[in-house]
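Have a look at the structure below before the remarks.
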Amino acid sequence: MTDEPFGPPPKEYNYRCSVCETEIEVNEAVIDAEIGMAKFNNEYYEGYMPKLGCPGCNNHTMECTEKDKD
C-alpha cells in the first residue's frame, strides 16, 4: 500500500520548442487528451507523441524530447 491516497503522481514529459527553445514539463493528462484527439481524427500511430502549442512563440512546435521523466 502506498502513502499517496490517489496513487502515484502523474508522469511528466519534457517538451521543447524548435523555434524559440522554450522548455516545459507536460503532465501525462495533457498528452492523453492529445492522443485521444489524434485517434478521433485518425492521425494516431504506434509511438505517437503529439506536438503542442508553444507558450513562448505561439507556434505549434513543442516536441517531446524524452519519453518520460521519473
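Numbering of residues begins at 1 and proceeds along the displayed sequence.
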task = Following the transitive rule for hydrophobic clusters with a side-chain heavy-atom cut-off under 4.5 Å over Ile, Leu, Val, Met, Phe, Trp and Tyr, establish whether Val30 and Tyr48 coincide in one cluster.
result =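 In one cluster with Val30: Tyr48, yes.
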Check [X] against [Y] and note the closest heavy-atom contact, atom names and distance.
X     : Y     : result
Asn14 : Ile24 : OD1-O, 3.5 Å
Tyr44 : Gly47 : OH-N, 4.4 Å
Gly56 : Thr22 : CA-OG1, 3.9 Å
Gly53 : Met62 : O-CG, 3.6 Å

Interatomic distance, Glu12 atom CD to Asn27 atom CG [nearest 0.5 angstrom] = 6.0 Å
query = NZ/Lys51 to CG/Asn59 distance, rounded to the nearest 0.5 angstrom?
reply =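 Those atoms lie 10.5 Å apart.
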task = Check salt bridge (charged side-chain N to carboxylate O under 4.0 Å, His left out) between Glu28 and all other residues, then give those that pass, not counting sequence neighbours.
result =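 Salt bridge (charged side-chain N to carboxylate O under 4.0 Å, His left out) check on Glu28 returns nothing, list empty.
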query = Does His60 use its side chain to pair, donor to acceptor, with the backbone of Cys54 at less than 3.5 Å?
reply = no
query = What do the steps show when you test Tyr13 against Met49 for side-chain contact (heavy atoms from CB on, under 4.5 Å), and what is the final call?
reply = CA-CA 10 Å; Tyr13 296 85; Met49 284 301 282; 3.8 Å; yes
Under 3.5 Å, which donor-acceptor pairs do the side chains of residues 31-43 form with other protein atoms, sequence neighbours left out?
{"from": "Asn41", "atom 1": "ND2", "to": "Met37", "atom 2": "O", "distance (Å)": "3.2"}

